[in-house]
Amino acid sequence: MTDQVEHFVKNIKLAKLVLRLMNDPEQRIEPEINPTYPLGYRYPLAEEYLGRSAREQLEEMASVGLLEKEFFSKELGCPIDQSINLSLKRHCPDCDSTNIVREELIEHIPCGLVAPETEFKDGKCPKCGRELKKLGVDYLKQGQKYVCQNCQKNFQEPVEKAMCLRDKHSFLLDDAVEVNLYSYKVTKLLQEEINKALDQQKYMGDKIKELGFSVQSPGILKGKSGVAHDFFMVASSGGGFMKVNIIIELLGDTEIDKDEVLSLYAKATDANAQGVLLGAIPVLTAEAKAIAESYQIAYVEADELSGASEKMVRKFAELVETPEERITELFSPK
Ligand SMILES: [Zn+2]
Ligand SMILES: [Zn+2]
Ligand SMILES: [Zn+2]
């Protein structure tokens, strides 16, 4: 396994995103144009798991071959920061006003006036007052042109400008840069790694079933608050008032801090779980461990998922007070 892949598998948030993608028929993360974002687009699905830096993380994964980039669309962007949040305007080439209208221009041959059709009220020339008689004889249509309401000049081509809504930089539309948007697709390499992760998930599920529990993974429990909480796995036994739910969660980061443990505790309490088992990949901070202990969250630490799963099954067995012989039997080769 290359370093990058190993790093990925340790990153549980990414792993969860990819597991979600595997269930998607397209297996693709697509961008969405969204003006509330500084660059003007975002990756909503990836953000659910990776937060606001989703785009950078997708790029990073693509650069190491875990995701494949596919062309999605070409947009125009600000030459300074590549934002596609642009305000487009047409300007008068003479005075730069944006107060321009597109009109049919009429040339009155006897007096030489060229003016918009709307100014020839009741078919009379606004300059000499004579009536327009016959098209091609005493007057001509010059076609659609722009007329500036500020300086009254008319012209064929307005100046097209864009203003970046992020840094307010204004530039000629011709000077806009091309910004390619990409979608990201799961590669074979990544799929293999995920299959290994799925094997671990199955391994854990099977062992916990052997201990007499039913297993849901991902496990969803509805909380007292009405919110449905999503966990890596939920092991249950009994039914009705006697039902016992044990939450099994995986968290991965360079170091799992106390906030992540507190948030897990809050979700577990809301979901009315009788026990919580946390697999930390690779480690918890000292503070996070203290919090876990004071809230009676059982935890194991492991360098990667494959190491974590056996430790977690063992810890689970202890948690549900499985006799020592039974634990030995559970792990003895059949
Ligand atoms: Zn800009
Ligand atoms: Zn003008
Ligand atoms: Zn006239």
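For clarity, every value in this text was computed on a predicted model and none was experimentally measured. Order of appearance sets the numbers: ligands from 1, and atoms from 1 within every ligand. We're numbering straight along the sequence, starting at 1.
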Mind telling me whether Phe155 and Tyr146 have parallel, tilted or perpendicular rings, with 30° and 60° as the class edges? parallel

Pair Tyr184 + Tyr43: ring centers closer than 6.0 Å: yes

Thr187 side, atom OG1; Lys69 side, atom NZ - distance, nearest 0.5 Å: 14.0 Å

To the closest 0.5 Å, what do you measure between SG (Cys78) and CG (Leu165)? 10.0 Å

Taking all heavy atoms of Glu104 and all of Gln142, pick out the closest pair and write down the distance. OE2-N, 4.2 Å

Under 6.0 Å between the ring centres of Tyr265 and Tyr295? yes

With rounding to 10 degrees, what does the angle Asp81:OD1 / the Zn ion (ligand 1) / Cys78:SG come to? 90°

Are there any protein N/O/S atoms under 2.8 Å from the Zn ion (ligand 2), and if so, which? Cys92 SG, Cys95 SG, Cys148 SG, Cys151 SG

Roughly how far, to the nearest 0.5 Å, is OG of Ser73 from CD of Glu75? 4.0 Å

Pair Asp270 + Lys224, salt bridge at N-O below 4.0 Å: no

Under 2.8 Å from the Zn ion (ligand 1), is there an N/O/S atom belonging to His169? no

For the atom pair CG (Leu105) and CD (Glu119), what is the distance rounded to the nearest 0.5 Å? 9.5 Å

Can you check the number of protein N/O/S atoms within less than 2.8 Å of the Zn ion (ligand 3)? 4

Same apolar cluster: Phe213 and Tyr203, side chain cutoff 4.5 Å: yes

